[in-house]
Number of protein chains: 2
Amino acid sequence: MAAYNIASGPASKFQRALNKPDTESTKIPKAVVSRLSLYLREMQQLLRENIATISSTKLGKRLGFTASQVRKDLAYFGQFGYPGIGYKCEEMVAEIRKILGTDRVWPVVLVGCGNLGQALLGYRGFSTQGFQVIAAVDVDQSVVGQKIEGLTIKHIDELTHLVESLGIRVAILAVPAKAVEAAVEHIVASGISGILNFAPVTLSLPRNIGLVEVDLARELEQLAFSVLQNAER
Amino acid sequence: MAAYNIASGPASKFQRALNKPDTESTKIPKAVVSRLSLYLREMQQLLRENIATISSTKLGKRLGFTASQVRKDLAYFGQFGYPGIGYKCEEMVAEIRKILGTDRVWPVVLVGCGNLGQALLGYRGFSTQGFQVIAAVDVDQSVVGQKIEGLTIKHIDELTHLVESLGIRVAILAVPAKAVEAAVEHIVASGISGILNFAPVTLSLPRNIGLVEVDLARELEQLAFSVLQNAER
């Protein structure tokens, strides 16, 4: 399989803006990046409704933000709005995807092929977002060699070799709590740039590795609590 | 199948505290409830490390909070700490699970049995948290009648009947964006108390229905962005 080129295509003006030195003044707050996902989702929804442009006021109203919040958030990344027109949805979708990095293909390795890992392999949303699982590893010899969703599971000792030869940048971590420490050691040693963590443990990683944690147990607890509260009203 | 009894077992003093009238002064901030999950996870980890008690200072240190933050958060739910001892981990785990409502069995219906729904059915974490998927519905006649993970998929028109006859309280929503509106109408009409939403759409629901949204697309976008930023440093 060919290695993927992550940073392909000419850099947009927004990427160039991101290339500025990483000083306090240019660092983009996490909350703003998180809201970019909301703007993207809303712009995609507007396109489905055949709406081509939208003002910051109307966009804010749909999302429960003030117009100035919308303008301030998007100003971090460049000048998007057109006077008297507002934002052009199609352009915005393309630009936000470029900023977020979901306009390209990210080769991914799945670490942990138990129930959760196998469930995640069946989730088509990863490839929709450009995350393509091209390798899967596990520590359990009884699983190694099996085929799931077209991938032959390799032993985790092969991780560094796989990462280097396939140009893999991201790992999906889906191992049980007790296996996390050993798995993370392998991942850090392999040169991976980012981890999507489904394991129910908070990870501490070197600063140069991106981390996003998905804690389904936590979501379920929050849901149970809100149902309980409603029941007791 | 027998109906489940949600509010079984004697109410703890903390549940009684929750039963106080829902005024502004007794309403527990969402952020505090969200941190309860973190305290629970850390207490479970301490037990695995054979640590039976912990002070608020040490607990805070492990989680990156101040000791007073820990004490203030837990004080919402009652008096947990013992002078000179700190918190007893085993007691805390049991009490927090009781407060959150994950100490009991929640019967669940899966709404949407496409790729995502089927992946979720394979996720054992739901039952670990007491969420037991006992019914599955879809709108697609070519899927209705099929068996997945031991469940026969029913038509969504049967939802209200299933909810009432099986005592179901929670729905997992796993339909594509375009099917969300119709599915939510069915769910609201069925008398469900809480929704765990995996669909990539923000829902507006009646206030008496609990909602937790899981946006994997958003998590993936945040991950892509953090990897990009690291690459460009």
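What you see below is based on every heavy atom in this structure, not just the backbone, and it leaves out hydrogens, waters and symmetry mates.
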R48(B) versus chain A, the contacting section by heavy-atom distance below 4.5 Å: side chain
Chain A contact via I195(B) - which portion, at a heavy-atom distance below 4.5 Å: backbone
Result of checking I99(B), V212(B), L100(B) against E221(A) for side-chain contact (heavy atoms from CB on, under 4.5 Å): L100(B)
Contact summary for Q222(A) and S37(B), nearest pair of heavy atoms: NE2-OG, 3.0 Å
Selection from G210(B), S193(B), S34(B) maximising heavy-atom pairs under 4.5 Å formed with chain A: S34(B)
Top of G130(B), G101(B), A177(B) for chain A proximity - count of heavy-atom pairs under 4.5 angstrom: G101(B)
T102(B) and L220(A), any side-chain heavy atoms less than 4.5 Å apart: no
Atom group of I209(A) that falls short of 4.5 Å from chain B, counting heavy atoms: backbone
Residues, nucleotides or ligands: over 12 heavy atoms within 6.0 Å of E91(B) CD: yes
Proximity breakdown for V33(A) and chain B, heavy-atom pairs closer than 4.5 Å: both
Taking every non-hydrogen atom, the tightest pair across V227(A) and G194(B): CG2-CA, 3.6 Å
L228(B) side chain reached by W106(A) side chain, heavy atoms, under 4.5 Å: yes
L211(A) portion near chain B, given a 4.5 angstrom heavy-atom threshold: backbone
Chain A contact via Q118(B) - which portion, at a heavy-atom distance below 4.5 Å: neither
